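In what follows, a single structure is set out as structure tokens and then discussed.
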Amino acid sequence: MKKAKIHVMLKEGVLDPQGKAAHKSLESLGYKGIEGVRIGKYIEVTLADDADGDRDKLVREMCQRLLSNPVIENYEIEWEK
Amino acid sequence: MKFGIVVFPGSNCDHDCYHAVKHVLGQEAAFIWHANPDLNGCDALIVPGGFSYGDYLRAGAMAAISPALTEIKAFVKRGNPVIGICNGFQILLESGILPGAMIRNKDLRFICKDTFLRVENNNSKFTNKFNDKKLISLPIAHAEGSYYADAEELKRLEGEGRVLFRYADKEGNVSNDTNPNGSLLNIAGILNKEGNALGMMPHPERSMESIVGNEDGRLIFESMIEAVS
Amino acid sequence: MNKEITKEVIAEHGLSESEYEMILSILGREPNFTELGIFSVMWSEHCSYKSSRKHLGTLPTKAPYVVHGPGENAGVVDIGDGFVAVFKMESHNHPSFIEPYEGAATGVGGILRDVFTMGARPVALLDSLRFGSPEHPRTKYLVDGVVSGISGYGNCVGVPTVGGEMFFNGSYDGNILVNVFCLGIAKKDKIFTGICEGVGNPVIYVGSKTGRDGIHGATMASGEFDEKSEEKRPTVQVGDPFTEKLLIEACLEAMKSDAILGIQDMGAAGLTSSSCEMAGRGGTGIEMNIDDIPRREEGMTAYELLLSESQERMLIVAKRGREEELINIYKKWGLEGVVVGKVTGDGLFRIVEKGETVVEIPVADISNKAPIYDRPSKRPAYLDALQNFDTDKVAEPKDYNQTLLKLIGSLNLGSKEWVYQQYDHTIRTDTVTLPGSDASVIRVKGTKKGIAITSDCNPRLCYLDPYMGGAMAVAEAARNIACSGGKPMAITDNLNFGNPEKPEVMWQMKEAIRGISDACVALGTPVVSGNVSLYNETNGIGIYPTPTIGAIGVVEDIKKCVTQYIKGEGELLFLIGSNKKSLAGSEYLSLIHGLEKGTISPLDLDTEKRLQTALLAAIDKEIIRSAHDCSEGGLAITIAESCMSGDKTFGAEVSIEDDGRIDNILFGEGQSRIIVSILDKDRNILEELFLANGIETSYLGKTGGVNLSIRVNNNQTISCPIEQIKKAWAEAIPSYMA
């Protein structure tokens, strides 16, 4: 549990103008059958070896307090060993 | 009356706000540095526009967790008027002083232009000097000004008369065509529940003198002065 | 790092054999690899002006109000009331072609630093952009990237971008031009320069850490492009406008103390050029300890640290004992400040690494002995054929309404609102005249004054006649200033040309500089700063010669500013000035007939001067309701623009009596021509005032109605709803970019 790989995505239902633009552009390149494109953020947080406590809880707290905006975004954490 | 103007690293409308209240309206004004936010003696606060902390991560996100926001929250709680303009609005949203969030403009581009705003409530701490004026013109300048809140929140804002300004045309009509950025319900400015904190994307401090536009912005600051006195 | 100096290594550094011989004679020994790198960047075209210097020396640079001319980071002009205008224009062409967003963004960053390093607060930006033909597959991508880059950087630092130019032409298919102009305002007694002073004084590094980005950017800007250029991406710097904003505030705060003796941006060729130039100006030496340079990555060599072009860094020479005070100011703004060396008295540029001297070069020799070339020049053989082309041979259009709509809806003549709407142009609350008029006007707070700024160059005219084209760029810039109510004061030039090793390109540059020089003398606008960008060639094809002129003028009373658009119905329209024009060089001939040929209508500098003087007198009398330079697009386009470019749209009834071809009357282009509108009651005053200055005025018609109607020699030639014209004009760029 050293590096947290965090994906931040806009919640379902929140308009994603970037995703919409990318969707349109992909179609104009000739790609058919695309149902949707959503664009989010990817963040890596690397913890020091001696960081104390519940690492998962710590990073969740970071996500809630700063790295994501709970009003419009969801996040997922994946750990790299 | 004394206005405090909160300065974060990357704020860039701080000098404009200072000029507006100090030199145009002749009020006292002081810059409040984010790292040592002493609000003593301030009757009202302006959280100015800009790119606090570079708008990195999300506009307003880092400023929202700075020590200054603790002070600002307490200041709001005491009932004093606080106006957040542009990035200041984003900071008030991120810090939870105002409900909702901002997302990128619908066409993904920064927009700088004059907009017409329909004034929805002439009886707030920020509009009490408007009298019968129902339409003002102020410039916008932002890339993330598309207001979002869930349906319940929007209903509450509407129901409580907290939507203060809406993007309109020069006749005051509000429609999709008059929406520059994709804001839900064409929202340009909202109040907190208590009515003493306003967040707005348009820049009243840029409309203080006719030589550089119009003077509609004065009304907002003059209303704040009226509310305090 | 002791890489062996082979012939290949020398060539890779862009140094010729004779240049290497000079290095040997300066040092009296072989340079090491790091020293070779230093000579390479300092003697690059970009830093040394080796091909252009001889000719730049012929430009007029003096006037009683010029405080600092060329040679400083930016030019400084006294505007009265204790204030100075500090300004410069600089190119970021090559990086913008390779990576348009970052290239353009860092172009903005660099010119801002050139201005605030002089102690001035940057108050306005202009961008002069040239792209390839609209049909070229990369053009749209480049437009989008460059405009976004300027927007991203300029908006964040909080400096309004209030205008500029955008021009499309096939000659830029392989080399776009991004020329950025910055204006700053300072107190006259608070100007800073980039100079080393006082042996033993500390040298302080402030701002971002140094990374490996941009190494050899200056040499990249000094070579031609080929297919491999896209691979040069790693050398493009990445900008951080947030740090730049902090750097501006921290520097301006630090300058309020009296602890700073000299300060300079680490621009092209980074730490090397900033330190060498500062020592060069002060006639001192400088010694730096490379181990103390803040760095982003481990394992960076002295070579990399010295040549890196990482952005948002400055070098300061401070008074001894005041280091802490300064460093603390930077700390407050979240920036690093480190003492990295000292001013020395031995005249040497010395770099120490782990206690050992790794570089030792006489400062004076790096700059003074930089090679200066008097490169051969030759009038291009193709010019005769081009100029001898008889434009009377082209067919006249059948439908002038359609021709007008096609022209005004083209990318070159269409509204640039799509561009400037992405730039914050109202921040700082001083933009008196917004983008979209001939020149923008910036208020000087605390005075009645404003500063009018513009950038101009018509590359097509420069291609057909570089001497005339150069002079016309200056004349048009000054005319635009005058049309806004400003008295033209001084200019900055950004000279963009192809490969100077080709005699034809060298001739273009010499002729353009001669034209600029003559116009500057005649119009009383000295050159106070500038930049040269050469080698704008790809696979042997060069750009049109493009000497972009940035000009400033002083508006004594901002209440008297004039804009280009009609203010009401019933205003009288006049063409004032010369009636000379030609199809040659016109937008019309290029767009409608696909021809860029012929002999262009010449500029008469004496007429131009009298025209501007008379116009300014008329503006001062407050009889001019609108004034618009009649240049690109000709008479019909200029009238249409006057009618519809403001908040309100007006029709007009115009009647022209003139000789010659109708297309030339309507769309021919010439110099020293202005369209003004006035109230009926002021007609006599206007006519008498211009007559007294020997300038013709011709009555054209009246504003009003919903149509633009133009009769030529009593034949209805154009009759079109002005809203339809406006629609074509407004949609030109948005529909192209959609």
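Computed from a prediction, not measured in an experiment: that's the story for all the values here. The chains referred to below are lettered A, B, ... by the order of the sequence lines, with proteins before strands, and numbering in each begins at 1.
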Just do the side-chain contact (heavy atoms from CB on, under 4.5 Å) check on B/Ile187 and B/Phe165 with the steps written out, would you?
-> CA-CA 6 Å; B/Ile187 284 174; B/Phe165 303 114; over 6 Å; no

Between C/Gln311 and C/Arg113, does any side-chain donor sit less than 3.5 Å from a side-chain acceptor?
->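 Present: a donor and an acceptor within the cut-off.
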
Establish, from distance only, whether the side-chain atoms of B/Asn186 and B/Thr178 form a donor-acceptor pair under 3.5 Å.
->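 A donor-acceptor contact under 3.5 Å links the two side chains.
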
Got a second to check how far B/Cys112's SG is from B/Ile140's CD1, nearest 0.5 Å?
->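 Result: 8.0 Å between the selected atoms.
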
Which atoms of [X] approach chain B - backbone, side chain, both or neither, heavy atom under 4.5 Å:
X: C/Ser151; answer: side chain
X: C/Thr433; answer: neither
X: C/Glu249; answer: side chain
X: C/Val159; answer: neither
X: C/Leu246; answer: side chain
X: C/Asp240; answer: both
X: C/Lys445; answer: side chain

Using a cut-off of under 4.5 Å for heavy-atom pairs, which of C/Lys559, C/Lys332, C/Glu417, C/Glu244 has the most such pairs with chain B?
->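 The candidate making the most pairs under 4.5 Å is C/Lys332.
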
For chain B, which of C/Asn155, C/Val432, C/Ile558 has the most heavy-atom pairs under 4.5 Å?
->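 If we count pairs closer than 4.5 Å to chain B, C/Asn155 comes out on top.
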
Measure from the ring center of C/Phe242 to the ring center of B/Phe51 and say whether it is less than 6.0 Å.
->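 Between C/Phe242 and B/Phe51, the centre distance exceeds or equals 6.0 Å.
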
Check whether NZ of the Lys or CZ of the Arg C/Lys245 lies under 6.0 Å from the centre of the six-membered ring of C/Trp333 and within 45 degrees of that ring's axis.
->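 Here C/Lys245 fails the 6.0 Å and 45° test against C/Trp333.
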
Sort [X] into side chain, backbone, both or neither according to what part of it lies under 4.5 angstrom from a heavy atom of chain C.
X: B/His142; answer: neither
X: B/Tyr53; answer: both
X: B/Ser207; answer: neither
X: B/Pro9; answer: both

Carboxylate-amine/guanidinium contact B/Arg104 B/Glu144, below 4.0 Å |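 A salt bridge is absent here (no side-chain N lies under 4.0 Å from a carboxylate O).
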
Intermediate values then yes/no, ring pair (Phe, Tyr, Trp, His ring centres under 6.0 Å), B/Phe31 and B/Tyr18 | CA-CA 8 Å; B/Phe31 290 115; B/Tyr18 186 91; 4.7 Å; yes

Give a yes or no on this: more than 12 heavy atoms of other residues, nucleotides or ligands lie within 6.0 Å of atom NZ of B/Lys129.
->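 Count not over threshold, so no.
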
